[in-house]
Amino acid sequence: MAPAAQTRIPSRHVIAFATTSWLALSAVAVPGVATADSVAAGPAAVAQALPSGMIWRLGDMVLQVTALRDDVVRVRVGRNGSLPEDASWAVLPAARRASVAVTGFSTADAVGFSTRALKVAVSRRDGGVTVTDRTGRVLLSDLDGAMVPDRRGDGFTMTKSIPDDAHYFGLGDKFGPLDRLGRSFVMWNTDSYGYQEGQDPLYKDIPFFIGYTKGGYYGMFLDNSWRTSFDFGKTRRGELAIGADGGPVDYYVLAGPDPKDVERAYAWLTGTPAMQPLWTLGFQQSRWGYPTEKDVRAIVARLRHDRIPTDAIWLDIDYQQHYRPFTVDAKTFPAFGKMVSDFTAQGVHTVAITDLHIADLPNAGYAPYDSGMAQDRFVKTADGKPYVAPVWPGPTLFPDFTQAATRAWWGTLYRQFYLQDGISGFWNDMDEPAIFDTPTKTMPLDNRHRIDEPGFAARVASHREIHNLYGMQNHRATYEGLLALKPDERPFVMTRASYAGGQRYGVTWTGDNSSTWNHLRLTIPMLESLGLGGFTFSGADIGGFAGSASANLLTKWIEVAMFTPIARDHSDEQSLPQEPWVGGTAQEDIRRRFIEARYRLLPYLYTVAEEAARTGIPMMRPLFMEFPAGLLDGTPLDLATDSQFMLGRALMVAAPPSPESPGPYSVTLPVGGWYDYWTGKPVTNLKPLSLWGAGGLFMTLKDTGPTAPHTLGITPRLDQLPVFVRAGSIIPRQNLVQSTGETPAGPLQLDVYPGADCQGSLYADDGHSFAFRHGAYSRTALSCTLEADHGVTVTIGRPEGSFQPWWHSYRIVVHGLAHAPRGVAGATYDGAAGSASFVVPANGTAATYRLR
Ligand code: GLC
């Protein structure tokens with residue numbers, strides 16, 4: 001319980017209303033909660049006012065609702081007269097301890113309280129909780145009391161009403177469209193090789209969603225690691241059913257109504273994503289597998305020879321001796337360390353897989369086994385023996401990652417690779433955990449894990465409780481281990497399985513997708529949904545993993561992926577090669593052009609990445625995040641299209657909705673003007689948007705003028721991807737490099753796209769250390785104004801922070817100019833492009849340029 005609850009309540013917080021019957025408080029003492037003023041809440045219930053919320057009791061059920069901030073409330077429900085353990089793997093201790101003062105109220109039907117942003121009402125009848133925002137919009141409302149215990153065991157169900165106009169987004173990389181309405185999902189981390197549409201559960205458990213109703217957004221996070229389920233009106237229309245096999249009823253409601261505020265609040269609760277090294281935004285090449293050192297060297301040589309800008313090469317399980325983690329097969333990789341350093345010298349970072357399963361190899365000199373056994377580091381069976389099961393190396397053991405000492409031991413296993421061999425990053429795969437040759441694909445539910453974690457009692461927990469946390473704790477162990485080895489380097493670790501909050505430890509990907517067109521389509525809502533759940537640094541295997549991509553599919557996939565946060569080409573050992581050159585030079589030329597486009601865009605990408613790591617607002621954003629006003633009735637724009645997304649505030653990528661189809665399609669252009677990213681020209685030939693709106697209403701927005709969403713007809717072409725720039729943006733770009741290690745030549749380019757509320761930002765730091773936390777960064781605010789005389793004023797702010805970036809001048813390119821401008825000496829005008837450019841010094845001061 002929050003410390004605030006232990007203080008005596010000032011009288012103004014006491015909920016006062018006529019008493020009916022009282023329940024003896026002494027009979028339902030709640031551990032950790034001091035007695036407070038109380039009143040009857042119903043025929044047999046009692047409510048206690050707390051400074052930051054209230055406790056409500058009915059029989060042996062206890063409900064506690066507290067306000068952590070004005071816009072975040074936490075709801076906990078306990079049985080047997082007590083509340084669940086106040087502990088979390090996801091929510092940061094400071095957030096759980098936070099509180100704000102609330103104002104209590106009482107009506108004939110409910111007791112409750114309000115904050116500046118939210119109102120919580122608990123029904124006198126059954127304890128059902130209704131959370132309303134300050135405009136009176138009902139966010140979540142229980143239909144059957146605070147929860148219904150599962151008669152079969154320790155589980156429960158909560159049923160909440162679904163308003164007529166509701167839509168739901170989130171839950172991480174689930175299949176299907178972005179909107180979760182009308183579907184149901186299970187959270188149970190599962191190895192899902194070659195998964196297909198409709199398959200669920202997949203690899204991660206991120207029990208957080210953003211709800212939409214009546215023009216506003218809010219968030220709901222269920223902090224329960226057991227097998228849980230979310231049914232968004234699939235089984236019963238109008239009912240949102242949230243269930244769990246066990247574990248606590250412990251959830252948070254985040255007020256909104258701006259979706260960016262929901263994301264900021266979620267990051268405040270569960271942590272911001274770990275800031276990634278700059279090189280991880282470059283192009284990355286991988287495959288299972290490159291069987292020998294010679295093969296890997298040939299791939300890197302070809303990437304450089306073909307001038308495919310690249311920052312990383314990945315080593316899958318083949319480099320290991322008999323697939324044993326932390327070994328190298330000296331026969332196939334005879335000069336491993338030399339190979340890594342040769343790649344480093346060419347600006348290519350090496351990432352190596354280090355799966356969690358440790359081969360069961362007594363007396364073989366296998367150090368991870370020997371030290372792990374000696375220190376008792378492995379998960380046990382119900383009868384207390386180390387649990388052994390088959391994965392890649394054959395019989396293996398599983399580190400008990402919920403113990404701090406086990407994580408510390410695991411971290412030491414990286415010493416040779418990280419400190420001696422110079423490997424830059426690591427890949428934690430199979431950490432659901434995946435087990436071969438068993439129908440459940442994972443370990444027995446009664447396996448025993450030892451918990452040693454602040455907030456939790458030191459205890460033994462069943463696999464049922466730990467399963468969905470296991471990958472996250474593996475990821476954490478690696479992240480913290482690398483930090484211990486190199487305290488001032490940002491670790492790069494990619495995991496397959498995780499739980500809410502796992503974004504604090506780095507990167508994830510969408511697992512074993514397929515080399516099919518529909519998987520390219522699925523990639524977009526999956527990555528957007530991961531971003532909504534904190535995992536902004538995410539990617540999907542480019543070209544698809546299972547099966548062989550056609551040349552056209554690989555090309556289109558590369559085009560789209562160059563605008564997603566993590567861009568890694570990866571494929572299955574069964575599939576045909578999938579490197580950027582397969583299929584001939586015509587295809588390779590298109591792919592190279594898009595990879596080059598990404599490298600030119602790196603200053604913008606890095607600025608957006610830093611914003612995500614600082615605020616929690618994802619890099620890749622659904623349209624509703626930038627344009628929450630939506631359609632005329634507020635309906636989210638994304639319902640019209642699942643294939644369009646924003647990259648940061650300024651760029652909108654409009655991938656084809658059916659990428660396999662050569663037929664034309666239309667792009668939804670949200671309110672405001674747009675420019676074509678590739679030509680820099682304003683977009684014309686717009687048509688009014690016709691749409692099925694909420695409730696099946698057909699709307700044609702033709703009479704709403706230029707501020708309503710419009711559409712643009714597109715005829716798809718293999719060598720093109722429509723990308724648009726929001727009018728009122730400034731995008732930093734750079735000259736082409738072959739890797740992020742190379743310093744770009746010439747000025748940093750600022751592309752100015754005049755329009756309303758014109759703004760931009762430019763961020764840089766050393767790209768790899770934590771010095772930015774101590775002021776060694778450079779952040780420059782950019783803005784522009786469209787003058788009444790059609791002139792444009794561009795303002796570059798004074799850089800904030802002590803870091804000296806690589807550029808010494810800016811090339812300012814102003815787009816959308818119908819005539820050659822005056823006012824800036826040396827400006828050149830390109831009549832065909834409608835743009836003017838000029839070079840100015842970047843000397844650390846603010847400057848304003850006025851084009852007339
Ligand atoms: C799993 C991973 C895949 C990897 C393979 C071999 O299937 O998801 O990416 O290539 O294992 O390590």
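One-based numbering along the sequence shown. Numbering of ligands and ligand atoms starts at 1, following listing order.
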Practice prompt. Could you tell me whether ligand 1 has any atom less than 4.0 Å away from a heavy atom of F545?
Written response: yes

Worksheet item: Does any N/O atom on D316 come nearer than 3.5 Å to any N/O atom on ligand 1?
Response: yes

Response to the item:
For W314, the side chain to side chain donor-acceptor pair (under 3.5 Å) test, sequence neighbours excluded, returns Q284

Discussion item. Give me the nearest non-hydrogen protein atom to atom 7 (O) of ligand 1 as residue plus atom name, then the distance to 0.1 Å.
Written reply: D512 OD2, 2.7 Å

Practice prompt. Using distance alone, decide if ligand 1 has a nitrogen or oxygen within less than 3.5 Å of any nitrogen or oxygen in W427.
Written response: no

Discussion item. Below 30° counts as parallel, above 60° as perpendicular, anything between as tilted: where do the rings of F417 and F426 land?
Written reply: parallel

Fill in: ligand 1 atoms in contact with I317 (distance to a heavy atom under 4.0 Å)
6 (C), 12 (O)

Worksheet item: At under 4.0 Å between heavy atoms, which part of W314 makes contact with ligand 1: side chain, backbone, both or neither?
Response: neither

Worksheet item: Does a side-chain N-to-carboxylate-O contact under 4.0 Å join E559 and R592?
Response: no

Worksheet, complete the sentence: Note: R496, heavy atoms under 4.0 Å from ligand 1, region reported as side chain

Discussion item. Which residue in the set D569, T740, D311 passes side-chain contact (heavy atoms from CB on, under 4.5 Å) when paired with F283?
Written reply: D569

Fill in: Ligand-residue contact atoms, ligand 1 with W392, heavy atoms, under 4.0 Å
6 (C), 11 (O)

Item to complete: Determine the interplanar angle of the H519 and Y195 rings, folded into 0 to 90°, and report it as parallel if under 30°, tilted if 30 to 60°, perpendicular if over 60°.
Response: tilted

Item to complete: May I ask you to check whether R568 has an N/O atom sitting below 3.5 Å from an N/O atom of ligand 1?
Response: no

Worksheet entry | Lys/Arg N to Asp/Glu carboxylate O, R621 vs E528, below 4.0 Å | no

Worksheet entry | Nearest neighbour in protein (non-hydrogen) for atom 9 (O) of ligand 1 | H570 NE2, 3.0 Å

Discussion item. Whether the side chain of R297 engages the backbone of F343 through a donor-acceptor N/O pair (distance < 3.5 Å, no angle test) should be reported.
Written reply: no

Item to complete: Please report which non-hydrogen protein atom sits nearest to atom 2 (C) of ligand 1, along with the residue it belongs to and the distance in Å to one decimal place.
Response: D429 OD2, 2.9 Å

Worksheet entry | Close-contact set for ligand 1 against I353 heavy atoms, below 4.0 Å | 12 (O)

Fill in: F326 and Y414 aromatic ring geometry - parallel, tilted or perpendicular at 30°/60° bounds
perpendicular

Worksheet entry | Mode of D572 contact toward ligand 1 - side chain, backbone, both, neither (heavy atoms, under 4.0 Å) | neither

